[in-house]
Enquirer: 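First the structure, which I've put down as structure tokens, then a few questions once you've had a look.
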Amino acid sequence: MAELDARVAELSRLVETKPAGDGFLSNERADLRERIARTDDIRFTGVTLGRTIRAYVDDLRESLERGASVKVLVIDPAGTAPAGAARICLTPDQSEVFEHRVRSTLYMPRDPHTEERLEVRLLPFLPGFGIRRTTTA
């Protein structure tokens with residue numbers, strides 16, 4: 001295992017533009033705040049994204065103010081997806097928890113000057129994955 005870890009570390013050093021396997025598969029990206037600060041196209045996909053949006057709301061606001069485009073795709077709180085999320089989390093009688101979490105994402109503070117660069121869309125089903133993508137122009 002130690003030899004495999006050493007090989008992954010070496011590959012990470014050789015290929016700096018692509019994340020190492022452990023970074024790609026982790027829940028947190030150490031450089032996400034920096035990437036949000038310097039990119040022009042920011043996209044998030046997930047179930048509620050409540051934790052992610054809360055963690056980066058100020059960074060996203062600053063990016064919108066400097067002209068970046070931010071697109072968010074989450075479950076529809078009025079549909080059946082919150083019940084599906086609750087079932088998967090083994091709390092089938094608590095779909096309102098997921099409704100609340102996604103609504104907090106939808107009601108993130110908006111600025112009329114940047115609203116045209118913020119796009120939020122709703123999924124009628126539960127996604128099996130989450131994606132965070134940033135692109136520099």
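One is the number of the first residue; the rest follow in order along the sequence.
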Enquirer: Rounded to the nearest 0.5 Å, what separation is found between the CD atom of Glu65 and the OG1 atom of Thr114?
Expert: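 Answer rounded to 0.5 Å: 6.5 Å.
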
Enquirer: Output the distance between atom CD1 (Ile42) and atom CG (Leu64), rounded to the nearest 0.5 Å.
Expert: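 Between Ile42 CD1 and Leu64 CG, I get 7.0 Å after rounding to 0.5 Å.
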
Enquirer: Return the CG to CZ distance between Leu60 and Arg33, rounded to the nearest 0.5 Å.
Expert: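 Answer rounded to 0.5 Å: 9.5 Å.
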
Enquirer: Membership question, hydrophobic clusters at under 4.5 Å side-chain separation (ILVMFWY): are Val72 and Leu122 in the same one?
Expert: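 Yes.
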
Enquirer: Any side-chain heavy atom of Val47 within less than 4.5 Å of one from Pro127?
Expert: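 Val47 reaches Pro127 side chain to side chain.
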
Enquirer: Mind checking the NE2-OG spacing from His100 to Ser95? Nearest 0.5 Å is all I need.
Expert: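 It is 13.5 Å, given to the nearest 0.5 Å.
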
Enquirer: The criterion is salt bridge (Lys or Arg N to Asp or Glu O under 4.0 Å); which residues satisfy it with Glu3, sequence neighbours excluded?
Expert: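 Arg7.
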
Enquirer: Between Arg121 and Glu119, is the salt bridge (Lys or Arg N to Asp or Glu O under 4.0 Å) condition met? List the steps.
Expert: CA-CA 7 Å; Arg121 296 212 177 179; Glu119 182 178 339; 2.6 Å; yes

Enquirer: Rounded to the nearest 0.5 Å, how far does CG of Leu123 lie from CG of Asp76?
Expert: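 Rounded to the nearest 0.5 Å, the CG-CG separation comes out at 9.0 Å.
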
Enquirer: Which heavy atom of Pro92 sits nearest a heavy atom of Arg87, and at what distance?
Expert: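 Closest heavy-atom pair between Pro92 and Arg87: CB-CG, 3.9 Å.
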
Enquirer: Identify whether the distance between the nearest side-chain nitrogen and carboxylate oxygen of Arg103 and Glu99 falls below 4.0 Å.
Expert: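 Not counted as a salt bridge, because no side-chain N and carboxylate O are separated by less than 4.0 Å.
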
Enquirer: Should Leu118 and Leu73 be regarded as members of a common hydrophobic cluster, given that ILVMFWY residues are connected when their side-chain heavy atoms come within less than 4.5 Å of each other, either directly or indirectly?
Expert: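 In one cluster with Leu118: Leu73, no.
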
Enquirer: Keeping Ser63 on the side-chain end and Ile36 on the backbone end, is there a donor-acceptor pair under 3.5 Å?
Expert: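 Looks like yes, one N/O pair under 3.5 Å.
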
Enquirer: Can you name the one residue among Val74, Thr48, Ile75 that meets side-chain contact (heavy atoms from CB on, under 4.5 Å) with Arg101?
Expert: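 For Arg101, the side-chain contact (heavy atoms from CB on, under 4.5 Å) check succeeds only for Thr48.
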
Enquirer: Would you kindly confirm whether Ile88 and Val102 end up in one hydrophobic cluster when ILVMFWY residues are joined by side chain heavy atoms under 4.5 Å apart?
Expert: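 Yes, it is one cluster - the side chains of Ile88 and Val102 are joined through contacts under 4.5 Å.
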
Enquirer: For the residue pair Pro77 and Pro82, what are the closest heavy atoms and their distance?
Expert: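 Shortest heavy-atom separation between Pro77 and Pro82 comes out as O-CG, 3.7 Å.
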
Enquirer: Hey, what do you get for OG1 (Thr91) to CD (Glu96), rounding to the nearest 0.5 Å?
Expert: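 That separation rounds to 8.5 Å.
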
Enquirer: With the threshold set at 4.0 Å, does a side-chain nitrogen-carboxylate oxygen contact exist between Arg66 and Asp40?
Expert: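 Salt bridge flag = yes for Asp40 with Arg66.
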
